[in-house]
Amino acid sequence: MISQDYLLELHQRSDIVELVSSYVQLRHRGRTYTGLCPFHSEKSPSFVVYPENQSFYCFGCGAGGDAITFVKQINNVDYIEAVKLLAARAGLPLPDERDDTGKLKSRILAMNKETARFYYESLNTEAGLAARRYLRGRALSDATIRRFGLGFSPDGYSATSDYLRRRGYTEEEMLAGGIVKRSQRGGVYDFFHGRVMFPIFDLRGNVIAFGGRRMGDEGGPKYLNSGDTPVFKKSRNMFAMNIAKKSTSRRYILCEGYMDAIAMHQAGFDTAVAPLGTAFTPEQAKLLSNYADELVLSYDSDEAGQKATKRAISLLASEPMKISVLKIPDAKDPDEFIRKFGAERFRMLLDGSDNAIEYELSRARDKYDITRPDGIVGYIKDAIEVLAGRCTPTERDVYAGRIAEETNVTKAALLNQLEARLKQKYRKAEKDRQKELLSEGQISRIKVPYSQGGDKAKGVANAEYQLMAAAIKDPQHLVRVCERLSPERFITPQMAEVFRVLKEVHEAGLPAELATVSHQLSDEARTALTRSLANNYDIRFTDADLDFYFERIEESVPKSSKAAEMSAQELAAYMQQLKAKKQ
């Protein structure tokens with residue numbers, strides 16, 4: 001564990017307003033700062049920074065926490081990496097990683113670096129001849145091979161693991177890092193062997209995983225990729241992102257695979273990136289939106305590539321980026337096109353790429369025979385759905401005119417149908433908005449387990465939330481809560497967790513602040529606490545307020561978990577005590 005003293009000093013040196021301002025344009029509003037949330041797409045600012053308790057909270061998506069939490073979420077890294085990034089920013093030496101998890105991660109990163117070096121050196125041996133021929137056949141230069149650290153995993157099942165053992169790495173570390181796998185007989189074998197290797201880097205330049213491509217038609221799947229490990233999550237990282245982020249261009253290119261991205265970089269397109277052996281994810285969409293103003297989708301032209309394009313468009317709909325779709329004529333993928341026609345022709349393709357509306361309308365038109373009446377009706381129905389999406393009024397007018405020419409249906413008729421669909425969508429959106437407004441209060445967001453009374457017990461749950469906010473805001477209130485309640489008495493798991501940590505910190509003689517408890521809480525508990533603090537930012541709790549909340553909790557015994565542990569006689573006696581206290 002990182003020491004509390006270190007974390008306190010780190011928070012004292014890290015002003016959250018200054019930190020967030022380097023990512024978000026903030027406006028000063030009284031004692032707070034507001035801006036557009038960096039964690040979800042929005043037009044009206046719902047993201048608030050609170051200098052007094054050094055926290056942030058978004059009333060739109062619910063993201064919240066302290067400075068470390070912000071660095072963790074905005075950079076898509078784990079807790080230890082967030083502390084390191086914040087420490088470097090604050091000019092503090094890196095913390096000692098005395099915990100087992102931190103040590104294991106450091107060992108895996110060091111092992112991955114050593115493994116990448118072994119693969120790179122193996123490429124230039126006699127055993128790596130086939131791999132070199134494969135890369136030469138893909139027209140990759142020596143400079144590109146060096147830049148991406150491409151390599152070769154030798155044939156056999158122990159070459160890599162033998163190499164790592166000689167350098168002091170254990171079997172357990174290799175298993176944890178995904179370098180080896182355990183067989184059904186209990187032994188271990190190299191996960192990658194006889195493949196061209198692609199090291200995968202995080203944004204800081206650490207080798208976090210590998211991808212391996214077979215060179216022939218036999219020997220397992222075409223691509224083999226590392227699974228999730230303590231240092232790697234497929235859904236949160238992207239191939240070549242560590243290089244692309246250094247570019248001055250804000251137009252990124254999303255490719256289907258490693259080779260497409262590498263070919264583009266070699267041709268001078270240094271913002272090409274690719275997913276990591278899985279479908280494009282919401283986390284990757286958010287990561288790209290932090291760096292790109294425009295994203296060109298450059299997937300293969302086959303059916304799988306078109307499905308991937310459609311999925312990416314839907315995931316990117318809420319991100320504040322211009323989305324374009326690249327059509328690749330006379331080649332199955334970008335890599336083949338560049339090799340056949342050159343970088344300048346590919347640049348012309350990029351500059352003339354269709355926007356997402358053009359692409360979706362083209363796909364809709366290809367589904368129907370618009371020489372037939374039923375085909376025209378089907379095409380218009382799908383086209384109306386596209387235009388009723390994320391389009392400006394001007395775009396709707398222009399494309400309605402084009403569709404009218406294609407189908408011989410009057411533009412006025414199309415616009416009337418489009419207007420009816422927009423009204424329908426507006427009514428649904430307004431209904432959803434009203435429903436959301438009715439549930440915007442703090443109490444509506446509190447989830448009480450059904451076994452603890454569900455919605456009927458929300459008043460009790462709200463009292464728990466209020467007490468935890470009061471305990472953070474005033475140490476004397478925490479003393480009273482500790483004297484009156486125990487964590488087991490709470491019906492909301494998140495607040496029970498918060499109280500347990502607050503109590504431990506208080507008993508250890510440390511200040512019970514967000515900075516000292518945040519890292520000990522689960523994501524759910526930290527978010528719940530930050531939400532409660534945000535909702536009570538301007539509230540000054542009194543002793544009378546606390547008494548009210550205590551009574552509400554204590555009178556709820558028949559609905560609480562404590563009641564389940566009482567006999568009927570014990571419960572009756574307890575209720576009698578409560579009545580006597582009131583009198």
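None of these values were measured; they are calculated from a predicted model.
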Flag, side chain of [X] to backbone of [Y], donor-acceptor distance under 3.5 Å:
X: S249; Y: R251; value: yes
X: E464; Y: F499; value: no
X: D190; Y: S161; value: yes
X: R311; Y: F280; value: yes
X: R500; Y: E488; value: no
X: E173; Y: M111; value: no
X: N75; Y: V71; value: yes
X: K503; Y: P487; value: no
X: S532; Y: Y465; value: yes
X: T527; Y: E524; value: no

Quick one: are [X] and [Y] in side-chain contact, heavy atoms under 4.5 Å?
X: F152; Y: Y134; result: no
X: C37; Y: C61; result: yes
X: L36; Y: P45; result: yes
X: F192; Y: T160; result: no
X: P199; Y: Y120; result: no
X: L85; Y: R204; result: yes
X: T281; Y: K234; result: no
X: L123; Y: R132; result: yes

Hey, are R213 and Y258 close enough side-chain-wise for a donor-acceptor pair under 3.5 Å? no
I'd like to know if the side chain of R526 pairs up with that of S518 as donor and acceptor (distance under 3.5 Å, no hydrogens or angles considered). yes
Starting from the C-alpha separation in whole Å, work towards a yes-or-no answer on side chain to side chain contact (heavy atoms under 4.5 Å, CB included) for L19 and S14. CA-CA 7 Å; L19 170 67; S14 305; 5.7 Å; no
For [X], is the [atom1] atom crowded, meaning more than 12 foreign heavy atoms sit under 6.0 Å from it?
X: R89; atom1: CZ; value: yes
X: K113; atom1: NZ; value: no
X: Y157; atom1: OH; value: no
X: Q25; atom1: CD; value: no

Spacing of [atom1] belonging to [X] relative to [atom2] belonging to [Y], to within rounding of 0.5 Å:
X: Y119; Y: F210; atom1: OH; atom2: CZ; result: 6.0 Å
X: I16; Y: T69; atom1: CD1; atom2: OG1; result: 8.0 Å
X: L92; Y: Q12; atom1: CG; atom2: CD; result: 10.0 Å
X: R165; Y: S158; atom1: CZ; atom2: OG; result: 7.5 Å
X: E256; Y: D300; atom1: CD; atom2: CG; result: 4.0 Å
X: L104; Y: L109; atom1: CG; atom2: CG; result: 9.5 Å

Please find the pair of heavy atoms, one from [X] and one from [Y], that lie closest to each other, and give the distance.
X: K84; Y: S106; value: NZ-OG, 4.4 Å
X: M264; Y: S298; value: CE-OG, 3.4 Å
X: I179; Y: N112; value: CD1-OD1, 3.9 Å
X: S226; Y: F232; value: O-CE2, 3.6 Å
X: T229; Y: G177; value: CG2-O, 3.7 Å
X: Q266; Y: A139; value: NE2-O, 2.7 Å

Can [X] and [Y] be counted as an ion pair, charged N to O under 4.0 angstrom?
X: R182; Y: E171; answer: yes
X: R136; Y: D142; answer: yes
X: R117; Y: E114; answer: yes

Could you tell me whether R166 sits above the aromatic face of Y163, with NZ or CZ closer than 6.0 angstrom to the six-membered ring centre and within 45 degrees of the axis? no
Do the ring planes of F198 and Y223 sit parallel (below 30°), tilted (30 to 60°) or perpendicular (above 60°)? tilted
Can you tell which of Y23, F70, Y537, Y50 makes a ring pair (Phe, Tyr, Trp, His ring centres under 6.0 Å) with F56? F70
Using side chain to side chain contact (heavy atoms under 4.5 Å, CB included), reason through M259 and R138 one step at a time and then give a plain yes or no. CA-CA 8 Å; M259 284 305 306; R138 301 301 293 263; 3.7 Å; yes
Applying side chain to side chain contact (heavy atoms under 4.5 Å, CB included), run through V231 and N206 and close with a yes or a no. CA-CA 10 Å; V231 301; N206 297 310; over 6 Å; no
Quick one, Y299 with L254, criterion side chain to side chain contact (heavy atoms under 4.5 Å, CB included). Give me CA distance, side-chain angles, the key distance, then yes/no. CA-CA 7 Å; Y299 283 165; L254 180 61; 3.4 Å; yes
